Chemist: 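What follows is a single structure, and I will ask about it in a moment.
Computed from a predicted model, the values in this text were never measured in an experiment. One-based numbering along the sequence shown.
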Amino acid sequence: MSNGHTISTPVESDAVTVSLYKDFLALIKIGIVNSNMITTFTGLFLAFQFTGTNFLHNLDLLIFALLGSGLIIAGSAALNNLIDRDIDPVMTRTKSRPTVTGRFKWPAVLTLALTFIVVGEVLLFSASIAAGLWGLAGIFSYVVLYSMWSKRRHVANTVVGSISGAIPPLIGWAAVEPALGAGALALFLIMFVWQPPHFYALAMRRTDEYRAANIPMLPVVKGFARTKKSMLAWVLFLFPLPFLLTELGVGFLVLASALNIGWLYLALKGFKAKDDIKWATGMFIYSLNYMTILFVAMIIFSIFI
């Protein structure tokens with residue numbers, strides 16, 4: 001018999017839990033967290049290899065750097081969702097975010113984000129003062145310089161946003177070698193230059209949505225033809241950067257150059273593409289594979305230094 005109260009079944013309860021978990025992952029932008037963990041670990045591992053530091057004897061640095069980085073990135077991403085909750089409903093890609101649907105209220109999001117950032121920074125400073133400071137630089141560049149300042153005001157927003165995306169490998173490196181080294185600079189530059197063609201490809205695919213949200217992305221303000229030229233230039237800028245990591249050997253340089261040639265070929269094809277969106281999708285997918293393959297290769301080749 002029913003007494004007027006709704007009784008949740010185990011299946012319904014599980015479904016709610018799964019839905020809440022998915023919303024949480026969307027809130028912290030788990031895809032961005034994961035990709036940045038790859039670059040943070042690469043910086044950490046290369047620093048171990050280049051300085052001759054014993055990896056197994058310094059697992060505490062590994063834990064502090066990776067967990068701390070993951071937390072500050074997740075916290076910063078949650079703050080970004082909080083800042084953008086007025087424009088996210090306009091875009092198909094973002095309209096289901098929990099800050100839009102109301103699944104997570106803003107006080108709870110703010111509390112969660114700040115808690116993650118504080119705990120993450122404590123862990124990074126436990127690794128090294130330099131790692132903690134680079135973590136603060138990453139938070140400031142993403143939340144303030146990108147999310148709060150440039151994203152809605154300047155067509156160079158993607159370039160400004162690339163600063164924060166290039167900092168994670170510095171955090172990892174600084175945990176081992178606080179003074180950093182030439183290898184750390186190489187990782188920063190590679191990540192910085194990789195991001196504009198990656199995000200411009202995404203922006204081309206979502207141009208109508210960015211226009212509706214009044215976000216001055218390059219394809220919105222300057223058009224597709226100008227965006228293709230810019231993407232080509234950024235891809236060309238990548239060519240000399242692997243040669244800053246000659247310690248990784250000829251095999252790495254050959255692989256990195258092959259990846260760059262492949263991306264250049266694809267970028268050039270864009271000027272004759274009949275379907276710009278299809279071409280941009282190809283560029284976007286290639287950029288993801290490029291980053292993953294290149295950074296995993298760095299780890300592998302560094303073992304044989």
Side-chain angles (χ1 to χ4, degrees), residues 19-44 60-88 91 93-152 157-158 160-175 187-188 191-192 195 199:
S19 176
L20 187 63
Y21 179 64
K22 288 182 177 179
D23 280 338
F24 170 73
L25 295 182
L27 178 71
I28 64 171
K29 300 187 180 182
I30 192 62
I32 291 177
V33 173
N34 289 338
S35 62
N36 279 286
M37 285 297 91
I38 294 175
T39 64
T40 303
F41 179 78
T42 302
L44 182 87
D60 57 331
L61 294 181
L62 172 71
I63 295 171
F64 290 152
L66 290 184
L67 186 55
S69 296
L71 285 172
I72 67 167
I73 294 167
S76 298
L79 286 180
N80 174 266
N81 278 339
L82 200 60
I83 294 167
D84 286 349
R85 68 188 188 280
D86 61 321
I87 58 174
D88 281 346
M91 304 179 66
R93 183 174 64 91
T94 58
K95 67 180 183 181
S96 298
R97 286 177 175 171
T99 43
V100 175
T101 62
R103 186 66 176 273
F104 290 165
K105 303 301 181 182
W106 76 261
V109 174
L110 182 61
T111 301
L112 178 74
L114 294 179
T115 300
F116 275 17
I117 287 173
V118 170
V119 174
E121 278 298 315
V122 169
L123 291 172
L124 291 181
F125 275 108
S126 298
S128 77
I129 293 176
L133 292 176
W134 279 114
L136 290 175
I139 295 165
F140 178 80
S141 58
Y142 183 65
V143 176
V144 179
L145 293 184
Y146 174 67
S147 300
M148 298 177 67
W149 174 61
S150 67
K151 182 174 181 177
R152 306 190 193 203
N157 53 13
T158 300
V160 174
S162 297
I163 298 172
S164 60
I167 287 178
L170 297 185
I171 297 174
W173 197 294
L187 294 183
F188 176 86
M191 277 306 300
F192 179 79
Q195 289 173 91
F199 284 109

Chemist: What heavy-atom pair brings Ser69 and Thr40 nearest, and what distance separates the two atoms?
Modeler: OG-CG2, 3.5 Å
Chemist: Could you tell me which non-hydrogen atom of Met37 sits nearest to which non-hydrogen atom of Leu66, and how far apart they are?
Modeler: SD-O, 3.4 Å
Chemist: For a quick test of your reading: what N or O donor-acceptor pairs under 3.5 Å do the side chains of residues 126-136 make, sequence neighbours left out?
Modeler:
residue	atom	partner	partner atom	Å
Ser126	OG	Val122	O	2.7
Ser128	OG	Ala131	N	3.0
Ser128	OG	Ala174	O	2.8

Chemist: I need the minimum non-hydrogen distance between Leu44 and Ala175, along with the two atoms involved.
Modeler: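 Nearest heavy atoms, Leu44 then Ala175: CD1-CB, 4.0 Å.
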Chemist: With the side chain counted from C-beta on, respond yes when Phe41 and Leu62 share a heavy-atom pair under 4.5 Å apart, and no when they do not.
Modeler: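 Result yes, sub-4.5 Å side-chain heavy-atom pair found.
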Chemist: Say you draw a straight line from CG of Leu145 to CG of Asn157; how long is it, rounded to the nearest 0.5 Å?
Modeler: 12.5 Å
Chemist: Any chance you could measure Met191, atom CE, to Leu170, atom CG, to the nearest 0.5 Å?
Modeler: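 The CE atom of Met191 sits 10.5 Å away from the CG atom of Leu170.
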Chemist: Listed by chain and number, what are the side chain to side chain contact (heavy atoms under 4.5 Å, CB included) partners of Val143, not counting sequence neighbours?
Modeler: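 Val143 satisfies side chain to side chain contact (heavy atoms under 4.5 Å, CB included) with Ser76, Leu79, Ile83, Ile139, Met148 only.
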Chemist: So, using salt bridge (Lys or Arg N to Asp or Glu O under 4.0 Å) as the criterion, who are the partners of Arg85 when residues are at least two apart?
Modeler: none
Chemist: Considering non-hydrogen atoms only, spot the tightest contact between Leu187 and Gly43 and give its length.
Modeler: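 Looks like CD1-CA, 3.6 Å.
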Chemist: Taking side chain as C-beta onward, heavy atoms only, is Gln195 less than 4.5 Å from Thr158?
Modeler: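 No, side chains not in contact.
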Chemist: Given Pro169, which of Thr39, Ile38, Thr42 fulfils the side-chain contact (heavy atoms from CB on, under 4.5 Å) condition?
Modeler: Thr39
Chemist: Shortest non-hydrogen contact from Arg103 to Ser19?
Modeler: NH1-OG, 3.0 Å
Chemist: Please test Phe192 against Ile163 for side-chain contact (heavy atoms from CB on, under 4.5 Å), starting from the C-alpha separation and ending with a verdict.
Modeler: CA-CA 6 Å; Phe192 179 79; Ile163 298 172; 3.9 Å; yes
Chemist: Check whether any side-chain heavy atom of Lys22 sits under 4.5 Å from a side-chain heavy atom of Ile30, and report yes or no.
Modeler: no
Chemist: Look only at the side chain of Ser147 and the backbone of Tyr142, and say whether a donor-acceptor pair between them is shorter than 3.5 Å.
Modeler: yes
Chemist: Would Val109 and Asn81 count as a side-chain contact (heavy atoms from CB on, under 4.5 Å) if you check the C-alpha gap in whole Å, the side-chain angles of each, and the deciding distance to 0.1 Å?
Modeler: CA-CA 9 Å; Val109 174; Asn81 278 339; 5.7 Å; no
Chemist: At what distance, to the nearest 0.5 angstrom, does CG of Asp84 lie from NZ of Lys151?
Modeler: 3.5 Å
Chemist: So, using side chain to side chain contact (heavy atoms under 4.5 Å, CB included) as the criterion, who are the partners of Phe24 when residues are at least two apart?
Modeler: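 With neighbours one apart ignored, the set is Ile28, Phe104, Leu112, Phe116.
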Chemist: For Ala26, enumerate each residue passing the side chain to side chain contact (heavy atoms under 4.5 Å, CB included) test, keeping only those at least two apart in sequence or located in another chain.
Modeler: Pro98
Chemist: How far does OH of Tyr146 sit from OG of Ser162, to the nearest 0.5 angstrom?
Modeler: 9.0 Å
Chemist: If every non-hydrogen atom of Pro168 is compared with every non-hydrogen atom of Gly165, which pair is closest and at what distance?
Modeler: CD-O, 3.5 Å
Chemist: With sequence neighbours excluded, tell me which residues meet side chain to side chain contact (heavy atoms under 4.5 Å, CB included) with Thr115.
Modeler: Thr111, Val119
Chemist: Hey, could you give me the CG/CG distance between Leu123 and Asp60, rounded to the nearest 0.5 Å?
Modeler: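 Rounded to the nearest 0.5 Å, the CG-CG separation comes out at 11.5 Å.
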Chemist: Look up atom CG in Leu124 and atom CD1 in Ile117, then write down how far apart they are to the nearest 0.5 Å.
Modeler: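 CD1 of Ile117 is found 11.5 Å from CG of Leu124.
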